[in-house]
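Notes to accompany the following structure.
The figures here come from the full heavy-atom set of this structure, side chains too, leaving out hydrogens, waters and symmetry mates.
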Amino acid sequence: MKRIGILTAGGDTPALNATVHGAVVRANQTKVEVFGFIKGYSSLKTDSVPHVHLNPLFSEIPELDPTRGGTVIGASRAYVDPEDIATVDRIAEHLKTLRIEGLICVGGDGTLNGLQPFAERLPVVLAPKTIDNDLGLNHRSEPDEWERVPSDEPPGYRYQQGTSSTRFSLDGMVNYVTPGYATAVYVSVAGVQRVRTTAESHRRIAIVEVMGRHSGHIALGTAYGQPDIILVPEVPVQIPALVKRVEELYELQKNVVIVCGEGIVDENGQELGAMRESLDPAGNVTLSGASEALRTLLVEHFGDAYFRNYRRAESARAAVFTRKVGHTQRGGRPVLFDRFHAAQLGGKAVDMLLEGRNNAVAIIQRESERGFYVDGYDGNGFRDRWGIIHPRFLHPSFYDRELMRPSQIGVDYMLPIFTNAVGHADIEAIRQSVFDSGSLFRPYHSVNTDINKRIRYLTSPQ
Ligand code: F6P
């Protein structure tokens, strides 16, 4: 192979540049040219196919900085419908004209779902990324556990994960962790720690909402910030038990910190917050309002009298407050763990293309004896019997339902990821950058301005 393409699809993560950088470094060593397609699949869908040559003369362009969050080649949730043969064929034609012999898609489960039609036209490898940590399998046969059950909503059925007959082992996980997850947890933990001291001072109940869609991995990771209660989407919230626990804690310490994943559900499996259909073509829903729903619930339970008369504090609405960690989880400098493993995955994806792999995924594996290593996995290994790739949920054994916090297995899962996740360079970067006096004088210079000058087109854009 002389020339390959790379694109970053779906929501961004802090480690995307690191993955692209890892791929380019490996391509330089093997004398392969790398073209980066702008804004994920949306570049390929236009006839102008905007792209950037990421390694002219086999050295990476200076804008590609693995320590910077986001992605210099841009990301989008644009998706190619596999049924739309005309579009897929046109894209394949464009790639051929550009003499692209293989494609690396950096993405999550949605991207992997969209990869199949391309894999029938040129070799394609996925390098995983997602802060949600939901691209992977808890064990190899997990895709076989998915069932189709009737539904009132179109198309008349939905997918549901059935009971497992596999004994869980951490060593048996496929793609132990995805780049972006560690940084998202790092940011969320800091949010929880900072909220705690103010909740303590003002005798308040704080509800911190973290991202992750229907997966509770980020919420679980916030255990490092020592919230009192963690609620994950995989386990329906038992409202009476929750209220009782909050009351006990408030009596004891006069403040409570609760973390909830944005996708938490009630006993009937209904999302606690409002759930509105997003425009995301990959079919992902937008979740918002979980923390507000919990707040309303607690405010109604305690009422103003409890805080005003009994606790000599504010009204219930003032005493119970919510904060979303939000998109700060997805941005900024990636921590060492993410940088290192993202780069490894990028390099592995290049190697896999050169080895002739197609419709395959570069993965991060971990075995207790061996530690972390990168490997390749067949894309179909993630697909259920209908060809669908489902997000990985938090394995039930990771969460202690009674204590509403990580179980021992959950702790054992997290320790190898987070123990040395932050490197010395990360600490030094904070020291040097936060109060850099130069920032007071210089306007922000966006990397997009520089990348724009490098963009080339197959045909003139309209
Ligand atoms: O999948 C990543 C993620 O950050 C989710 O955790 C979150 O629900 C969603 O994307 C938000 O998407 P966006 O910022 O693109 O609207």
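Not counting sequence neighbours, the partners of D65 by the side chain to side chain donor-acceptor pair (under 3.5 Å) test are T67. Listed by chain and residue number, V232, Y399, R401 satisfy the side-chain contact (heavy atoms from CB on, under 4.5 Å) test with V235 (two or more places apart in sequence, or in another chain). With sequence neighbours left out, D134 forms a side chain to side chain donor-acceptor pair (under 3.5 Å) with no residue at all. Partners of S446 under the side chain to side chain donor-acceptor pair (under 3.5 Å) rule, at least two apart in sequence or in another chain, do not exist in this structure. In this structure, the side-chain contact (heavy atoms from CB on, under 4.5 Å) partners of D84, at least two apart in sequence or on a different chain, are D81, A86, T87. Considering only residues two or more places apart in sequence or on other chains, F398 meets the ring-ring contact (aromatic ring centres under 6.0 Å, His included) condition with F168, Y413. Applying the ring-ring contact (aromatic ring centres under 6.0 Å, His included) criterion to H341, with sequence neighbours excluded, gives F337, F372. Considering only residues two or more places apart in sequence or on other chains, F321 meets the ring-ring contact (aromatic ring centres under 6.0 Å, His included) condition with none of them. Applying the side chain to side chain donor-acceptor pair (under 3.5 Å) criterion to T183, with sequence neighbours excluded, gives D338.
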D384/R148 under salt bridge (charged side-chain N to carboxylate O under 4.0 Å, His left out): CA gap, chis, key distance, verdict: CA-CA 10 Å; D384 72 8; R148 256 186 191 177; over 6 Å; no
CA sep, side-chain torsions, deciding dist, call: E314, R204, salt bridge (charged side-chain N to carboxylate O under 4.0 Å, His left out): CA-CA 9 Å; E314 311 144 303; R204 286 180 181 161; 2.5 Å; yes
Evaluation steps, side-chain hydrogen bond (donor to acceptor under 3.5 Å, both in side chains), between R392 and N133: CA-CA 8 Å; R392 166 174 62 193; N133 196 25; 3.2 Å; yes
Check against side-chain hydrogen bond (donor to acceptor under 3.5 Å, both in side chains), H139 and E145: CA-CA 11 Å; H139 55 86; E145 291 170 359; 3.0 Å; yes
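Atom CD1 of I388 sits about 10.5 Å away from atom CH2 of W146, to the nearest 0.5 Å. Residue D109 holds its CG atom at 7.5 Å from OG1 of T130, rounded to the nearest 0.5 Å. The NE2 atom of H217 sits 13.0 Å away from atom CD1 of I131, with the distance rounded to the nearest 0.5 Å. Here the CG atom belonging to L54 is positioned 10.0 Å from the CZ atom belonging to F37, to the nearest 0.5 angstrom. In this structure, the separation between CZ on F393 and CG on D132 is 11.0 Å, given to the nearest 0.5 Å.
For residues 6-18, the set of pairs meeting the salt bridge (charged side-chain N to carboxylate O under 4.0 Å, His left out) definition, not counting sequence neighbours, comprises D12-R330. For residues 407-430, every residue pair satisfying the salt bridge (charged side-chain N to carboxylate O under 4.0 Å, His left out) rule, not counting sequence neighbours, is listed here: R333-D426, R339-D426, E428-R431.
Heavy atoms only, all atoms of each residue included: N175 and G136 are closest at CB-CA, 4.0 Å. In this structure, P50 and S43 approach most closely via the heavy-atom pair O-OG, 2.8 Å.
The shortest side-chain heavy-atom distance between Y41 and T111 falls under the 4.5 Å cut-off.
Checking each of V237, T296, V265, L231 against L272 for a side chain to side chain contact (heavy atoms under 4.5 Å, CB included) leaves exactly one that passes, namely V237.
Ring geometry, Y250 versus F307: the interplanar angle exceeds 60°, so the pair is classed perpendicular (tilted spans 30 to 60°).
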Donor-acceptor list for residues 373-380 side chains, cut-off 3.5 Å, not counting sequence neighbours:
unit_1, atom_1, unit_2, atom_2, d
Y373, OH, E367, OE2, 2.5
D378, OD1, N380, N, 3.3
N380, OD1, R383, NH1, 2.8

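Heavy-atom neighbours of N420 CG from other residues, nucleotides or ligands within 6.0 Å: at or below the threshold of 12.
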